[in-house]
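We're numbering straight along the sequence, starting at 1. Scope of the values below: all heavy atoms of this structure, side chains included, with no hydrogens, waters or symmetry mates. Both counts, for ligands and for their atoms, begin at 1 and track the order of listing.
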Amino acid sequence: MSDHETVPADVEHEDEIPADHPRYADLVTRHRIERGVEKGITHLQGMHAEGRGSAFDYLLGEETIPSADAAERAAAAHLLLADDPVLSINGNVAALVAAEVVDLAEAVDADLEVNLFNRTPERVRAIADHLREHGAAEVKGIEADARIPGLDHERAKVDADGIYDADVVVVPLEDGDRAEALDEMGKTEIVIDLNPLSRSPRVADVPIVDNVIRAVPNITAHAEELADEDETALRGIVDAFDAEAALEAAEERIRTGG
Ligand code: PTJ
């Protein structure tokens, strides 16, 4: 006999998943991704991405490790210092943390921009509507009137007054090509990715090896706590962060559990 309730065979709403289930967080995540696919927000490939991510998360202990928390604090400091920060939103991010990215955008005065690997006008619209349903006042990325140089796929399509002009960009679940191209453009990149060996966190100024579900609200919490700090204090946090050490700590945790 298990000591928790069983999960219904067909979950209509995530409230039906018993909160005391040992795999609760993972079940909620899977459910949100499935719903995202059904609503036309998430690409089918987003399910593969989530599967890969959850394997890394399992090995991390499904918690925000200290080096990730430090990265999230450094990310908050970068965003507060930025002139034109942008949060890049894809189909997985919209399905998993729509309300949370809207909160973060408000906390650091950033724009939200839809940017998709598998871009179609229908998905761009569905994601923008979904973000608005969760409180976003304005969503960029629909016009896509500029291109990231050196990229020949759909992720090159950006707004001239959005990602193209941004000084700091948060790119969760990014593909390596665009991460490198944004780096080439001289932008400060904050990448959220559970795989520390992936190319995107490796080119990031701030690699956050954590689940986007925990990372986004934690960046917001740090931003709220740091909101009254002056520029010197924020610069101190940014300068003290060591990206290489953060990647090494995450890899160590995944490989050895330590
Ligand atoms: O919505 P689109 O069309 O832009 O497509 C989005 C996906 C995610 C399908 C696309 O960007 C893609 O195929 O990405 P990859 O190459 O599979 O990379 C996704 C990375 O995110 C992998 O390194 C995963 O380990 C990681 N990942 C998956 N789920 C999470 C995650 N990282 C943080 N939190 C997660 N929940």
Side-chain angles (χ1 to χ4, degrees), residues 25-65 68 71-72 75 87-98 100-101 104 112-128 130-131 139 141 144 148 151 153-158 163 169-182 189-204 206-219 246-247 250-251 254:
D26 191 51
L27 292 171
V28 168
T29 304
R30 279 196 247 172
H31 176 73
R32 288 188 189 171
I33 293 287
E34 274 175 30
R35 277 282 171 277
V37 171
E38 283 164 12
K39 285 183 79 174
I41 290 169
T42 309
H43 194 272
L44 208 49
Q45 285 182 11
M47 286 192 167
H48 296 280
E50 180 54 40
R52 261 200 309 283
S54 70
F56 284 109
D57 205 15
Y58 192 85
L59 295 170
L60 276 171
E62 293 176 336
E63 62 178 13
T64 300
I65 62 173
E72 285 153 11
L87 316 182
S88 180
I89 309 297
N90 67 20
N92 284 49
V93 175
L96 293 176
V97 284
E100 291 81 355
V101 289
L104 175 57
L112 293 163
E113 177 162 341
V114 181
N115 179 272
L116 302 180
F117 186 67
N118 307 283
R119 185 184 176 99
T120 62
E122 294 75 24
R123 278 187 70 225
V124 174
R125 249 194 320 274
I127 292 170
H130 186 69
L131 291 169
V139 181
I148 299 172
L151 262 192
H153 59 69
E154 292 295 301
R155 274 207 142 158
K157 295 183 177 171
V158 290
I163 288 173
V169 192
V170 179
V171 279
L173 283 73
E174 183 60 36
D175 84 290
D177 286 352
R178 191 176 74 134
E180 280 178 352
L182 287 172
E189 266 189 280
I190 298 164
V191 168
I192 305 171
D193 193 318
L194 279 159
N195 179 3
L197 301 175
S198 173
R199 233 182 334 151
S200 7
R202 302 195 87 82
V203 297
V206 181
I208 299 175
V209 183
D210 198 6
N211 197 318
V212 71
I213 287 187
R214 296 187 299 270
V216 172
N218 199 33
I219 301 171
L247 288 170
E251 190 179 340
I254 287 168

Seminar exercise, completed: Quick note on ligand 1: atoms under 4.0 Å from a heavy atom of Arg155 include exactly 4 (O), 11 (O)
For this session: Number the atoms of ligand 1 from 1 as they appear, then name those within less than 4.0 Å of a heavy atom of Glu50, with their elements.
Result: 29 (N), 36 (N)
Seminar exercise, completed: When distances are taken from atom 4 (O) of ligand 1, the protein heavy atom at minimum range is Phe117 N, 2.7 Å
Problem set entry | Rounded distance [0.5 Å steps], CD in Glu251 versus CG in Leu197 | 4.5 Å
For this session: Return yes when at least one protein heavy atom is under 4.0 Å from atom 22 (C) of ligand 1, and no when none is.
Result: yes
Exercise. So is Asn211 in contact with ligand 1, going by heavy-atom distances below 4.0 Å?
Worked result: yes
Problem set entry | NZ/NE/NH1/NH2 to OD/OE distance under 4.0 Å, Glu174 and Arg155 | yes
Exercise. Identify the closest protein heavy atom to atom 7 (C) of ligand 1: which residue and atom is it, and at what distance?
Worked result: Asn92 OD1, 4.3 Å
Exercise. Is there a donor-acceptor pair under 3.5 Å between the side chain of His130 and the backbone N or O of Ile41?
Worked result: no
Exercise. Which residue holds the protein heavy atom closest to atom 6 (C) of ligand 1, what is that atom called, and what is the gap in Å?
Worked result: Asn90 ND2, 3.7 Å
For this session: Check whether any side-chain heavy atom of Val124 sits under 4.5 Å from a side-chain heavy atom of Arg119, and report yes or no.
Result: yes
Exercise. Should you measure from each heavy atom of Ala49, which atoms of ligand 1 turn up under 4.0 Å away?
Worked result: 8 (C), 17 (O), 24 (C), 28 (C), 29 (N)
Exercise. How many angstroms lie between atom CG of Asp57 and atom CD1 of Ile213, to the nearest 0.5 angstrom?
Worked result: 8.5 Å
Exercise. Hey, does the side chain of Arg178 reach the backbone of Leu151 with a donor-acceptor pair shorter than 3.5 angstrom?
Worked result: no
Problem set entry | Under 3.5 Å: N/O of Phe56 near N/O of ligand 1 | no
Exercise. What residue and atom, counting heavy atoms only, is the protein's closest point to atom 34 (N) of ligand 1, and at what distance?
Worked result: Val212 N, 2.9 Å
Exercise. Does Asn118 reach the side chain of Leu44, with side-chain heavy atoms less than 4.5 Å apart?
Worked result: no
Exercise. Does the side chain of Asp177 reach to within under 4.5 Å of the side chain of Arg199, using non-hydrogen atoms?
Worked result: yes
Problem set entry | ligand 1 N/O within reach of Gly91 N/O, cut-off under 3.5 Å | yes
Exercise. Between Ser198 and Pro201, is there a donor-acceptor pair closer than 3.5 Å when you use the side chain of the first and the backbone of the second?
Worked result: no
For this session: Please examine the side chains of Glu34 and Met47, heavy atoms only from C-beta on, and report whether any two atoms are closer than 4.5 Å.
Result: yes
Exercise. Of all the non-hydrogen atoms in the protein, which one sits nearest to atom 18 (O) of ligand 1, and at what distance?
Worked result: Arg52 NH2, 4.0 Å
Problem set entry | Val171, Leu173, Asp175, Val216: member with heavy atom nearest to atom 11 (O) of ligand 1 | Leu173
Exercise. Just by modelled atom types, is the Ile163 backbone N or O under 3.5 Å from a matching donor or acceptor in the Glu113 side chain?
Worked result: yes
For this session: Say whether Glu154 and ligand 1 are in contact under the criterion: heavy-atom distance to a ligand atom below 4.0 Å.
Result: no
Problem set entry | Backbone or side-chain N or O of Ile192 under 3.5 Å from ligand 1 N or O | no
For this session: Between Leu194 and ligand 1, find which residue part has any heavy-atom pair under 4.0 Å and reply side chain, backbone, both or neither.
Result: both
Exercise. Which residue owns the protein heavy atom closest to atom 5 (O) of ligand 1, what's the atom, and how far is it?
Worked result: Asn118 ND2, 3.7 Å
For this session: Please report which non-hydrogen protein atom sits nearest to atom 13 (O) of ligand 1, along with the residue it belongs to and the distance in Å to one decimal place.
Result: Gln45 OE1, 4.3 Å
For this session: Just jot down the ligand 1 atoms closer than 4.0 angstrom to any heavy atom of Asp210, in number order.
Result: 33 (C), 34 (N)
Seminar exercise, completed: Short version for Arg119: what comes under 4.0 Å of ligand 1, heavy atoms counted, is neither
For this session: Side-chain contact test, heavy atoms from C-beta onward, threshold under 4.5 Å: evaluate it for Ile65 versus Asp210 and give yes or no.
Result: no
For this session: Write out the residue and atom name of the closest protein heavy atom to atom 20 (C) of ligand 1, then the distance separating them to 0.1 Å.
Result: Asp193 OD2, 3.5 Å
Exercise. Counting from 1, what ligand 1 atoms have a heavy atom of Gly46 closer than 4.0 Å?
Worked result: 9 (C)
Seminar exercise, completed: Closest heavy-atom approach to atom 1 (O) of ligand 1 among Arg123, His43, Arg178 is made by Arg123
Exercise. Which atoms of ligand 1 are found less than 4.0 Å from any heavy atom of Leu96?
Worked result: 36 (N)
For this session: Would you please determine whether Ile213 falls within less than 4.0 Å of ligand 1 on a heavy-atom basis?
Result: no
Exercise. Should Ile219 and Ile192 count as side-chain neighbours, where that means a heavy-atom distance under 4.5 Å?
Worked result: yes
For this session: Say whether, by atom type as modelled, one donor and one acceptor occur between the side chain of Asp175 and the main chain of Phe117 under 3.5 angstrom.
Result: no
Exercise. Does Asn92 reach the main-chain N or O of Gly46 with its side chain, forming a donor-acceptor pair under 3.5 Å?
Worked result: yes
